[in-house]
Amino acid sequence: MNVFYGDVQVIWDISFEVAQGEIVALIGANGAGKSTTLKTISGILKSRKGEITFNGAPIHAMEPYRLIERGIAHVPEARRLFVEMTVEENLDMGSLKGAAKAEREKTKQQVFEMFPRLRERRRQFAGTLSGGEQQMLAIGRGLMSKPLLQMYDEPSLGLSPILVKDVFNVIKRIKEEGTTVLIVEQNVKQTLAIADRAYVLENGRIILQGTGESLLNNEHVKTAYLGV
Amino acid sequence: MAQLELFLQTLISGFLLGGLYALIALGMALIMGVMRIINLAHGDIMMMAMYIAFWLFTLFGIDPYVSVFIAAPALFLFGMGVQKYLLTPVMKVESILPHNQVILTVGLAMVLSNLATVLFTGNYRSTPVNYASNAWYLTDIWKGSPIELSLSMPWTLSFVIAIVITIALWLFLSKTDIGKSIRATSQDPDAALILGVNVNRMRMLTFGIGCALVACAGCLFIPIYYLYPSLGKQFTNVGFVITVIGGMGSTNGAVIGGLILGIFESMTATYIGMGWAPVGRFAIFVAALVFLPGGVASIIRRRKLGK
């Protein structure tokens, strides 16, 4: 894909794939183009050239609001909850379409089992939750659509180290339950530890790729991102 | 005793007026919340509804309260059309003026009021319903009452219908998926989009609902008011002042703001003079901007979000 903001190109000919059942990570510094890549997959931004396919079908020309029906859930950067709606209403918003809507109550119970705090606070406004709880709600809202692929944009942003660990454990668990995961992170060490494969983005280009483990031992990654 | 009687009577009429005002402002607040624009054609859309009610009454003898069921759907469709064919295309244009859409609604208001003048002349019109001067009196119910209060039948009927519509809107917004999607769109359109909300359709729907609400207000106003082509501006004003008192885009705030303005205007009219009611309206408008810039909604929000 090639993505522009106005006349400025920010993504240069990048190409990658995510296989079913994998956790794939896109890592890189601020401004490398990670979030832009996710937004392009979601259809919020458009790629000028190239194509994006999901389960064999092209999705790059689709209206963004249709992607969730195909099974792609995007947990956006900075959570983007509806702060003046209750926790439960936020979850309802995750299951507006088709089968997800029919199974709304069942899925909601599963989400509540995964995050008991959300059950306690289900009638509270999302804006009253703590940062960690808000991230759990954002992940839960993504799960409500029963996605095949869940995309996370900086899920550890602004959380304390203990909560970051919790979030990564949750993502691992979601993968084990059969959902494919594409994750964008600056928290390189923990991301590579759970990722099956990863791509390193710099200035809008993919400069490295490999399994999570091999990248953890890569010299460039070590000096540039891990500071060792 | 006479003083108390006057005060209570003023309070009652202010409350009844406020309920109707709230209905006008609700549509405006809903549109402002979702579209982030002030619909300055709001009062003129109300004027359209009043002409529909007027002609239905004059030509076919249909009661204005019944014409709610005709005017509201008609203006719902009109509103959807305005959003789809006028506002959405303008939204896509990049220009130095950030609020092209607001200017478009001003233009729409001019077209509507001038069209009404051309088609229906500038004459004042009204629907002389036969129950126009019916009222209930306190002494009818309580013979020994020391004070006398009256409750005008058409005013009360309009008020009650306005309340029913307001409750129906509240249920729609809080209980249905479409209602939740509309609220979600107003809070964060991009987040709503990736969750599968067709944001453009929600905008159309919201503009349609906003117009339908003010159409209801028009039908409820005509039995107790009169009608002329340029009456829209006055009610656009009312709606705008209430939205500021209530807090931009807040529907709860609009209801409370409507009641506040209704009572305040009534008090001004009684104690200072009829002609001063619009002055009172602007006094409270400025006061709200100075002392409570976030409106009533900011108080509600502070309580619920603990901020």
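The figures here come from the full heavy-atom set of this structure, side chains too, leaving out hydrogens, waters and symmetry mates. Chain A is the first sequence line, chain B the second, and so forth, proteins listed ahead of strands; every chain is numbered from 1.
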Value for CG (N198(B)) from OH (Y65(A)), rounded to nearest 0.5 Å, stands at 3.5 Å
Calculate, to the nearest 0.5 Å, the distance between atoms NZ and CG belonging to K180(B) and N90(A) respectively.
-> 10.5 Å
Does a sphere of radius 6.0 Å around CG in N203(A) hold more than 12 heavy atoms from other residues, nucleotides or ligands, not counting ones at 6.0 Å or beyond?
-> no
Using a cut-off of 6.0 Å, state whether more than 12 heavy atoms not belonging to F78(B) lie near its atom CZ.
-> yes
Might you point out which heavy atoms bring A191(B) and R80(A) nearest each other, and give the distance in Å?
-> CB-O, 3.5 Å
What one should report as the nearest heavy-atom pair of I68(A) and I194(B) is CD1-O, 3.6 Å
Can you tell which part of I44(A) gets under 4.5 Å to a heavy atom of chain B, answering side chain, backbone, both or neither?
-> side chain
By a 4.5 Å heavy-atom criterion (distance strictly below it), what part of K39(A) contacts chain B: side chain, backbone, both, or neither?
-> neither
Among D188(B), V199(B), D190(B), the residue with the most heavy-atom pairs under 4.5 Å to chain A is D188(B)
In the structure I gave you, are the side-chain heavy atoms of [X] and [Y] within less than 4.5 Å of one another anywhere?
X       : Y       : answer
F82(A)  : L195(B) : yes
M93(A)  : V197(B) : yes
R183(B) : E84(A)  : no

Verify, without hydrogens or angle tests, whether K97(A) (side chain) and G196(B) (backbone) share a donor-acceptor contact under 3.5 angstrom.
-> yes
Please walk me through it: do D177(B) and R104(A) pass salt bridge (charged side-chain N to carboxylate O under 4.0 Å, His left out)?
-> CA-CA 12 Å; D177(B) 272 7; R104(A) 176 179 291 175; 2.6 Å; yes
